[in-house]
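Naming: A, B, ... by sequence-line order, numbering from 1 per chain.
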Amino acid sequence: MLKLERRPQASTAWTYATPLLAVLLTMIAGGLLFAALGKDPFVAIRTIFWDPLFSEFSSFYRPQLLVKGAPLVLIAIGLSFGFRAGIWNIGAEGQYIVGALCGAAVGLAFYPMEARWLILPLMVIAGALGGLLWAMIPGLLKVRFGTNEILVSLMLVYVAENLLAAMALGPLRNPEGMGFPGSRNLSQYESATTWIDRSAGMHWGVVAALIAVIGAYVIMARHILGFQIRLTGQSPRAAAFSGVNPARLVLVCLGTSGALAGLAGMFEVAGPAGQVSIDFNVGYGFTAIIVAFLGRLHPVGILLAGGLMALTYIGGEIAQNQLQLPAAAIQLFQGMLLFFLLAVDVLTHYRVRFQRAEHRPAAKPAAAPEAAE
Amino acid sequence: MTGTLLALEGLTKAYPGVVANEDVSFDIGRGEIHALLGENGAGKSTLVKTIYGLVKPDRGRMLLNGKPFEPAEPRAARAAGVAMVFQHFSLFDALTVAENIALGMEDPPKTRDLARRIREVSETYGLPLEPFRMVGDLSAGERQRVEIIRCLLQDPKLLIMDEPTSVLTPQEVKILFETLRKLSAEGTAILYISHKLEEIRALCETATILRLGRNVGTCDPRETSAREMAELMVGGTLHVPERETSEAGEILLRIEALSAPSPRAFGTALKDISLEVRRGEVLGIGGVAGNGQDELLAALSGEMRVKPGMILFEGKDVGPEGPNLRRALGLLAAPEERNGHAAAPEMSLTENAALTGTVREGLTRHGFFDWGKSRKFAQSVIERFDVRTPGPENTAMSLSGGNLQKFVIGREILQRPEVLVVNQPTWGVDASAAAAIRQALLDLAANGTAVVLISQDLDELMEISDRFAALNGGTLSPPRSARGLTVEEIGLMLGGAHDMEAAHV
């Protein structure tokens, strides 16, 4: 008989080991899934995890890692603030879209003036503000009327998607685009592009993501805001006693995650994506939720998890092209990662004990990690 | 009616790093009222949980009526006739008494039949209780009655009671003792856990004393003085708090017509409370649990903002201000619940020191923590208040209740408060630590701090208060000089045993 016993203190070893274990289990379950689809599981796993980094075409794939990883890390860092305090912003995708729209709108308004020192910074500010204001909607509703931020932020994603379509077809449409939906290409507009070195995959979003990781680390470890966030997440009552203003914290956390998601959108639209188009958003805002948890809501962990998730994106595309794996199988694969992580998380807070039927006092406690499955 | 009901033989239970029980043996006779005494962490809880089937011993055995007794779970223990009333009640506020009792039964009878049985049992044992009232509306004493009746319906041979009187008025304690004596006379044995030595002397026939997990002696409490028992518990001589009489100075804290709704459902609203506390005095506020203590503390700590003009600190209106501004001025507080209120269980003691110490100890610079400084502050609390822990990097939840209590009280005291408000400062703390905390509060007052002591422990209130007021249903009685007050008078101020006549607060 299996028995879960609560650990007096969360196990540090398992905190670090569970993400690795989850990756391993995902590979096994994913391999079985691919085998069931009639593909060689080993080839499929190698294609996803190995080829982007070390195959003969890896010089083409490696820059993609930065391009895909940067928005994931940037958004996930923002989300981790709220998640640690028990404030659940599920609508980063919407904030990402609105940030992109605001940033692009500022850039397009200046077209074709050339003044990089002015236009790009203004776009950055507009992108951050756009995401922040979009996130303030669930924030203010929660603080003022006690609405559920999960539902409101999620529903606003669909509003943002329709806003995106309206903008791509209406005000932001390229006047010289012969009626096709979509804006001018910002990545070719010298003063607005976020690219630094296109062939290396370097754009300002990558820089921003790294700054965000370092900033988040310092804030969480040393700053009073990080302390208040952790305290609120662990014991809301102790936080109130300590003097944390819960309403303010909700707004700060939602605002931060919204601003970072908006930034990510703005860097994307004026760089890798290039233009405002109907299908601009590809789900970074949702995948970032997985990244945040896979990274244990810790900045360094999020950096690693963002890299891993970018890898599965690129490897997934290769697998689609070369092995004809369906796109849904890849998405399933990514989803499994979060599923297994949450499942094995039990091990950090509980000890698994193997118990025989009663009568004899149990002998040595058998901590059997493989028994978790 | 004589003979051994339950024999414990060499019970040993070790947890990683600590031996909770070591070779504990004693007998409980049929119909005997047996006290189990010991400091916090002495292993009382583990022992009782072993008997109740919640903990399995590593070694040793138990015999119930001469037959081996190895309950695998509480259900098995209950089936064998062992019942337990926990210190913390496990009742649902939004259900009626009868529904709550039915929830705990294997095979609950129809509500009407159950209600009849509840009435029968409650009349037989002098524990009046209306089966169809909402538990959320009951006083703490009445809730305890629900738990006791829930146990009695099982017809137990052994009733275990963990600190049962901490929530009762003196009059209610008297009634409870009558009930227990009646049960004992009918042959039910009672294992009675308490810190209150005078109660044990009044009630129990035998006392077993645990220290550091070992049985260090059995005595007849009726023939042993409270002091002797306390010294057996701590294994040394006991220090009794001494007070220097000091002249009360100017008014530091003034509460004027404080009224506020409770932030919680089933909480108690504060109604028109007025009082003033002077420099150098200890104002004791007594009352049975749930009569507005938590709300009063929240209003004073700043967790609950109140209207302007209701709370004045040195003449300055702090009613609408939050905790940190009040701390900056010198109005500090320590709430009753240590886990998750006064301290964050999963955080280290260093971080918990910063929980309230940030402002007065200057632990941040430009918003950034100086964790080294916080660690030093935590270390000084640990040393000054004898908190038993390997060091400040350990989490709050790794400490035993009494040790954590010493930490959270010490944390406020070391911040040199002008006014200190404490709620149940020695709740669940062993005798020697409780004496140390009370002494620290007296020292603080002697140095000019105004202390507001909210407590349910009357001995504590009598021991260190200069003036005494009672909280009852959210209203505060006018304070009286504590000198010369008798226990009966206090009991009447607390509302006596008013809920004995079906009527309620």
Side-chain angles (χ1 to χ4, degrees), chain A residues 1 3 5-12 15 84-86 146 214-249 252 296-297 348-349 351 353 355-365 367, chain B residues 12-13 15-18 56-61 70-73 76 263 297-298 301-304 321-328 333-335 337-347 351-352 354-359 363-371 374 394-398 408:
Chain A
M1 185 179 131
K3 202 177 161 197
E5 208 176 79
R6 199 174 167 83
R7 293 173 192 272
Q9 222 156 337
S11 157
T12 332
T15 307
R84 277 211 177 184
I214 296 166
Y217 183 85
V218 173
I219 287 175
M220 277 299 165
R222 299 285 308 276
H223 196 266
I224 194 157
L225 174 67
F227 180 70
Q228 294 191 339
I229 286 173
R230 288 185 289 133
L231 188 58
T232 304
Q234 290 180 10
S235 352
R237 244 186 127 196
F241 172 60
S242 169
V244 178
N245 180 340
R248 221 188 97 227
L249 200 70
V252 168
R296 311 260 70 155
L297 304 180
T348 48
H349 292 286
R351 202 192 305 272
R353 288 201 171 195
Q355 267 200 345
R356 239 164 271 247
E358 303 308 333
H359 301 308
R360 263 173 304 164
K364 278 245 153 186
Chain B
T12 300
K13 174 72 189 177
Y15 291 109
V18 57
K56 200 179 296 181
D58 299 334
R59 256 182 290 127
R61 59 176 193 157
E70 292 174 355
E73 51 179 351
L297 186 114
S301 74
E303 276 169 88
M304 182 168 93
E321 304 293 348
N324 277 325
L325 190 121
R326 299 190 191 196
R327 284 191 190 113
E337 179 62 47
R338 356 175 221 259
N339 276 315
H341 194 187
E346 288 166 40
M347 285 190 164
E351 290 171 304
N352 270 301
L355 196 117
T356 66
T358 306
V359 181
L363 301 178
T364 55
R365 277 189 64 173
H366 309 300
F368 287 93
F369 275 106
D370 180 348
W371 286 121
S374 183
N394 286 67
T395 59
M397 85 185 154
S398 69
V408 298

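Judged by the 6.0 Å distance and 45° axis criteria, R338(B) is not positioned over the aromatic ring of F241(A).
Residue T358(B) holds its OG1 atom at 6.0 Å from CZ of F227(A), rounded to the nearest 0.5 Å. Atom CE of M397(B) and atom CD of Q234(A) lie 8.5 Å apart (nearest 0.5 Å).
Between chain A and the residues A298(B), P335(B), P345(B), A354(B), the most heavy-atom pairs under 4.5 angstrom are made by P335(B). Interface summary for chain A: among G340(B), A343(B), A344(B), the most heavy-atom pairs under 4.5 angstrom belong to G340(B). Heavy-atom pairs under 4.5 Å with chain B peak, among S242(A), S235(A), P236(A), at S242(A).
The closest donor-acceptor contact from the side chain of R237(A) to the backbone of N339(B) lies at 3.5 Å or more, if one exists at all.
Within the 4.5 angstrom heavy-atom criterion, no atom of R326(B) approaches chain A. At a 4.5 Å heavy-atom cutoff, the contact between A221(A) and chain B is made by backbone atoms alone.
More than 12 heavy atoms of other residues, nucleotides or ligands shown are found within 6.0 angstrom of CZ on F368(B).
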